[in-house]
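Just below is one structure, and these are the notes that go with it.
Chain letters run A, B, ... following the sequence lines, proteins first and then strands; every chain starts at 1. Only a predicted model underlies this, so the values are computations on that prediction, with no experimental measurement involved.
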Amino acid sequence: MPELPEVETIVRAARPRLVGRTIVRFESRWPRQIHPDVPAVRRGVLGCRVRRVDRRGKYIVLRLDDGGALLIHLRMSGRLEWAAGHAVEPAHVRAVFDLDDGQRLMLCDARKFGRIAYTTDWRSFSARLGVEPLGPQFTPRRLAHELSCRARRLKPLLLDQSVIAGIGNIYADEALHRAGLHPCRRCDTLAPEQVRRLRSALRAVLRQGIRNQGASIDWIYPGGRMQRRLRVYGRGGEACDRCGAPIATTRVAQRSTHFCPACQPLDEQGDRGLGRRRRAPRRAAACAG
DNA sequence: TGAATTGTTATCGT
DNA sequence: AACGATAACAATTC
């Protein structure tokens with residue numbers, strides 16, 4: 001299931017094939033996934049040249065020369081496939097974009113969870129997403145603010161795309177393990193040192209994921225090597241690399257969650273629930289852009 | 001057969 | 001009333 005590093009890998013591969021090309025045909029074979037609807041997307045993209053290809057959170061973003069943007073979200077099982085000429089079509093093709101140089105970009109998606117959207121207002125769309133964890137705005141201070149102005153458990157917070165954009169189940173578990181923090185730890189109880197460790201762990205594990213071209217943990221996303229580097233995800237019952245204790249598997253926020261109970265204790269400083277504490281104002285320190 | 005998976009939305013509780 | 005937690009949902013594979 002593509003998270004930030006997988007989407008980044010896909011974007012880097014797609015960019016040189018797309019930039020400068022004009023979209024000459026668009027076909028949807030699963031109209032329910034097209035937003036706002038098929039005619040609007042067709043009107044928006046036909047005849048437009050692709051100015052740049054970026055990633056924002058888990059979105060693939062094609063900036064078009066009319067100022068609009070085509071957004072592709074792969075969700076669970078989406079893939080981009082390329083075809084030229086009359087090769088055999090891959091399975092589960094849900095949408096087709098033909099380019100002016102004869103290339104054909106296809107969104108393939110067995111489970112049909114993927115989404116395609118066209119917007120004329122990229123800025124307000126982007127504003128609904130949280131900070132980029134590898135970007136310059138993800139400072140220790142910014143993370144400290146996001147953590148202190150809420151009273152939630154750490155893992156659901158990390159998965160909240162409106163707070164930090166791009167983290168999914170795998171990288172959330174890995175970052176928490178590397179930071180030595182329990183997934184259920186209350187986010188507004190971290191010491192400054194722990195905030196710095198969490199930020200470093202997030203950035204390190206995401207960069208490592210990109211360096212390894214993502215994690216291929218099942219049939220959905222091929223080609224990555226990051227699955228060999230995972231220390232807790234999918235390793236319930238195995239010994240923790242750091243301390244040897246067996247890795248626990250539980251459920252947090254409806255997601256399978258893997259952590260080391262010894263390295264990521266809750267009881268020590270993790271005072272959940274007891275006592276109401278003051279929280280920083282929610283809307284303070286808004287960021288630009 | 002049912003568990004697993006993402007992000008959005010609706011609903012419930014505090 | 002606002003926020004956080006929870007459940008349902010879309011659909012398919014193994």
Sequence neighbours excluded, every pair satisfying ring-ring contact (aromatic ring centres under 6.0 Å, His included) that has a member inside residues 10-43 of chain A: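 Passing the test, one end in residues 10-43 of chain A: A:Phe26-A:Phe97.
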Under 4.0 Å between a side-chain nitrogen and a carboxylate oxygen: does that hold for A:Arg94 and A:Asp109?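 Judged by the 4.0 Å cut-off on N to carboxylate O distance, A:Arg94 and A:Asp109 do not form a salt bridge.
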Restricting to ring-ring contact (aromatic ring centres under 6.0 Å, His included), what partner residues turn up for A:His177, sequence neighbours left out?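 By the ring-ring contact (aromatic ring centres under 6.0 Å, His included) rule, A:His177 matches no residue at all.
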Out of C:dA11, C:dT6, C:dG4, whichever nucleotide has its closest atom nearest the side chain of A:Arg153: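 Looking only at side-chain atoms, A:Arg153 lies closest to C:dT6.
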Do you know which of A:Ile164, A:Leu147, A:Ile167 makes side-chain contact (heavy atoms from CB on, under 4.5 Å) with A:Leu157?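 Single pass found, and it is A:Leu147.
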Give the rounded distance in Å between these two atoms: [atom1] of [X] and [atom2] of [N].
X	N	atom1	atom2	result
A:Lys155	C:dA5	NZ	C1'	15 Å
A:His92	C:dT12	NE2	P	8 Å
A:Asp160	C:dG4	CG	P	9 Å
A:Ile34	C:dA10	CD1	P	18 Å
A:Arg152	C:dC3	CZ	C1'	9 Å

According to side-chain hydrogen bond (donor to acceptor under 3.5 Å, both in side chains), who are the partners of A:Asn169, at least two apart in sequence or on a separate chain?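 Expected list: A:Lys155, A:Ser256.
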Cation-pi check, A:Arg104 to A:Trp82: give yes when NZ or CZ is under 6.0 Å from the six-membered ring centre and within 45° of the ring axis, no otherwise.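 No, A:Arg104 and A:Trp82 do not form such a contact.
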Note the angle between the end axes of the helix from B:dG2-C:dC14 to B:dT14-C:dA2, five pairs defining each, rounded to 10 degrees.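 That helix gives 50° between its end axes.
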List, by chain and number, the other hydrophobic cluster members for A:Phe125, where Ile, Leu, Val, Met, Phe, Trp and Tyr join if side-chain heavy atoms come within less than 4.5 Å, directly or indirectly.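 Grouped by the 4.5 Å side-chain rule, A:Tyr59, A:Val61, A:Leu71, A:Trp122, A:Leu129 form the rest of the cluster around A:Phe125.
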In B/S/- notation (B base, S sugar-phosphate only, - none; protein heavy atoms under 4.0 Å), nucleotides 3-9 of chain B written 5' to 3' is -SBBBS-
Within a 6.0 Å radius of atom CZ on A:Arg242, are there more than 12 heavy atoms belonging to other residues, nucleotides or ligands?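 Above 12, so yes.
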